[in-house]
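These figures come from a predicted structure and were not determined experimentally.
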Amino acid sequence: MPSRQLYFCTLVFFGTLRYCAMVSLRTGFSHSTILDAHGKYRLRWRYDEGTITFETEVETKGYIGFGLSPNGAMALSDIVIGGVEKGKPYLQDYFADSSRKVHRDLQQNYRLEYGMENHTHTVLAFSRDLHTCDRSDKDITEDTVRVIWAYHSDDIGTSGPKYHGINRGRKSLRLLNPTITSRIPSETPYFDLKNLNVPVPSKDTTYWCQLFKIPEVSRKHHIIRIEPLIQHGHENLVHHILLYQCDSKLNESELDFGHECYHPNMPDSFLTCETVVFAWAIGGEGLTYPQHVGLSIGTSIDPVYVLMEIHFDNPDIQQGVLDSSGLRLFYTPELRQYDAGVIETGVWVSLYHMLPPGLTEYVSEGHCTQECLQESLDHEMPSGVRVFAVLMHSHLAGRAIRTRHFRDGQELQPLAQDEAFDFNFQEFQYLKEERLVLPQDNLITECKYSTKGRSNMTWGGLSTRDEMCLSYLLYYPRINLARCESLPEITGQLKFIGVKEILSPVTTWPFLIKSPRKYSNLTFMEAMDKFKWSKKRGKAFNKMVLQLPVNVRCSKWGQDEWSIQGVILSPPEMKSETSRPLTPCSAAPGLPIRGALITILCCMLAVSTWIPRCL
């Protein structure tokens, strides 16, 4: 890369000296990613409180297109197109209407910073405000953003940009996600936990589990970074990877042995692996721990054996696929101040978590109750723990997730939130500031779903066609709390559809309905599907479920539990709900800031001079 930068500088120097001086700005970008599958389109960016700056480096001598889309498609996108022609950079702000027709934006909010090219590549840098108050622009927030991109071998020309053909694509990013700035030295030792040519079953959903032993170290070490090793071409096949701590007294004959998870014939040793120590989901790029925190290995309470669970999502039922994906873990003997832990919060994964069909919005809430936090924290860490990152997890019906935080009934700002959740992009969100969680707190993982287009119930479960609602909290110092979750009580849900009695004793799963006659001998799942759902009934069901008592899950490492586990509690009554912070455009929606100021000045003047129709 240094030689390329020098070449750019030399080339542009003979054209215009000022572009050469700006090359040094490239070192200031804190984020970087490749947008296409062949490494031809690289995006870098940085941001501050009000502005974001992008740099695109593309293998072309023609125009470069970059945009922000509401859903990854061209329609209603906010677009910028630019390039370098005859040594001079150019940039234009465009937008696409609902018919995907591209128009030049009358309000040019993208600012050209610099541009340059050599015989193979074009580099273009531009900036804009996070909130432009332009109806044709997309606000840039902490939510997931669908970035679209394109390029062409020719510049725009007088007739406008030519069609880009196959040189286009989309990628979901979190543009305002804070980063850990510390670098991992190149000589840092690491070890890999990888599948070895695992035959992926030719079915829709597979959870594959494999046991590994953590390399022995002579004394305590800290893992300081974990990154995915996804086999090339399997980026859409491997949906998520979980790493669990297992019983430290396992039979080593089962090491490096793989088997389908949650299968009747899987080894009994897999059942001892209950504590999540790391989670990665599709689209994520790995996790670097803060400089004062590390994942401990080498002590008596640290993982000796771990179970790696990989979720293969194979909706096309591909056959003959072999996978060698996994994780790479970097570790050091230079200890950090604190040991990191992971708490799984949200809705306990179960068939009792159910979503009616045909709804544009359905809300689920998973409670990490004050009772669970109080019992565990009072015993382990009365002063509380500090959360520094959150991974929010849902499946295909998920549209938005919030990890809400309450103290003494009052709502604080969410630990994390994403109002534009993308199933294909799930990664840890670093918090801007670490958040203290105290014994008197409540946490609620809130998931919004859309079941529009589905004709049957959606169930809580493992398949991506099923649903989950989870938040994985990375925190320190580590305490003995693995899961803090809840599940709505089933009886109230069955009463809603008219179930009066279940068949007892319960000898089958899912259990059977006894009465009324229309549901007799049906499983509760079949009865729920038989019920005639409508939008009105679905909305009423959702309102009722949110008020039902919940079954508390409050578990320790391994298979131990806190005493509150299994207790039925009423959901807490919260006194307030926070709203998202106001943006510069909130006071005058739809008006540019400049336009809003002119309007205000005009109206102020109108009071004394009677200027008509200032609006």
Side-chain angles (χ1 to χ4, degrees), residues 346-369 394-402 404 442 444-463 465-470 485-553 566-574 577:
V347 179
W348 192 341
V349 179
S350 167
L351 294 175
Y352 293 173
H353 178 208
M354 56 188 83
L355 287 60
L359 301 179
T360 55
E361 182 174 288
Y362 185 91
V363 179
S364 292
E365 291 182 347
H367 296 265
C368 177
T369 64
S394 182
H395 285 172
L396 285 168
R399 295 295 181 268
I401 309 181
R402 286 193 295 170
R404 302 170 68 185
N442 292 76
I444 299 177
T445 300
E446 177 191 88
C447 296
K448 294 181 180 179
Y449 304 98
S450 172
T451 59
K452 188 178 180 180
R454 299 189 180 192
S455 56
N456 293 317
M457 297 290 291
T458 298
W459 304 97
L462 302 177
S463 168
R465 261 54 67 185
D466 296 330
E467 268 310 326
M468 292 184 178
C469 181
L470 298 172
E485 299 168 326
S486 74
L487 191 63
E489 190 265 332
I490 185 61
T491 306
Q493 299 184 72
L494 294 177
K495 283 183 178 179
F496 184 88
I497 66 168
V499 171
K500 296 180 179 179
E501 187 178 3
I502 66 172
L503 197 63
S504 61
V506 175
T507 57
T508 61
W509 179 256
F511 59 77
L512 300 177
I513 306 298
K514 183 177 181 179
S515 66
R517 180 181 296 179
K518 64 179 178 179
Y519 298 140
S520 180
N521 290 320
L522 296 182
T523 68
F524 77 85
M525 297 176 70
E526 292 168 335
M528 280 288 179
D529 274 328
K530 186 176 181 179
F531 183 72
K532 295 185 184 303
W533 290 101
S534 64
K535 292 181 180 178
K536 183 177 180 180
R537 288 176 171 177
K539 187 175 181 180
F541 179 77
N542 194 179
K543 183 178 179 180
M544 180 272 301
V545 168
L546 293 177
Q547 297 171 350
L548 285 176
V550 296
N551 190 324
V552 173
R553 188 179 196 188
V567 172
I568 305 296
L569 297 174
S570 296
E573 293 185 9
M574 301 307 173
E577 180 174 340

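Residues Val499 and Pro516 approach most closely at CA-CD, 3.9 Å, considering heavy atoms. What you find for Met468 and Tyr449 is that their closest heavy atoms are O-OH, 2.9 Å. Across His367 and Ser486, no two heavy atoms sit closer than the pair N-OG, 2.8 Å. Leu359 and Ser534 make their closest contact through CD2-O, 4.3 Å (heavy atoms, listed as atom of the first residue, atom of the second, distance). Smallest separation of non-hydrogen atoms from Glu467 and Leu355: CG-CD2, 4.2 Å. Contact between Arg537 and Phe496 at its shortest, heavy atoms only, is O-CZ, 3.4 Å.
Side-chain atoms of Tyr362 and Thr451, non-hydrogen and from C-beta on, never get closer than 4.5 Å to each other. When side chains are defined from C-beta on, Leu487 counts as touching Val347, because their heavy atoms get closer than 4.5 Å. Inter-residue side-chain proximity for Tyr519 and Leu494 is flagged as unmet; no heavy-atom pair is nearer than 4.5 Å. For the pair Leu470 and Thr445, the minimum side-chain heavy-atom distance is 4.5 Å or more. Side-chain contact between Phe531 and Pro356 is absent, with no heavy-atom pair separated by less than 4.5 Å. A heavy-atom distance below 4.5 Å is found between the side chains of Cys469 and His353. Counting heavy atoms from C-beta outward, Asn456 and Pro357 have side chains that stay 4.5 Å or more apart.
The NZ atom of Lys448 sits 13.0 Å away from atom CZ of Arg399, with the distance rounded to the nearest 0.5 Å. How far CD1 of Ile490 is from OH of Tyr352: 5.5 Å, rounded to the nearest 0.5 Å. Taking OG1 from Thr458 and CG from Asp466, the interatomic distance works out to 8.0 Å, rounded to the nearest 0.5 Å. We find the CH2-CZ distance between Trp533 and Arg454 to be 15.0 Å, quoted to the nearest 0.5 Å. In this structure, the separation between CG on Leu548 and CD on Gln493 is 6.0 Å, given to the nearest 0.5 Å. Rounded to the nearest 0.5 Å, atoms CD1 (Ile502) and CZ (Phe511) are 5.0 Å apart.
Between the side chain of Lys518 and the backbone N or O of Lys530 there is no donor-acceptor pair closer than 3.5 Å.
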From CA spacing to verdict: side-chain contact (heavy atoms from CB on, under 4.5 Å), Asn542, Val363: CA-CA 7 Å; Asn542 194 179; Val363 179; 4.0 Å; yes
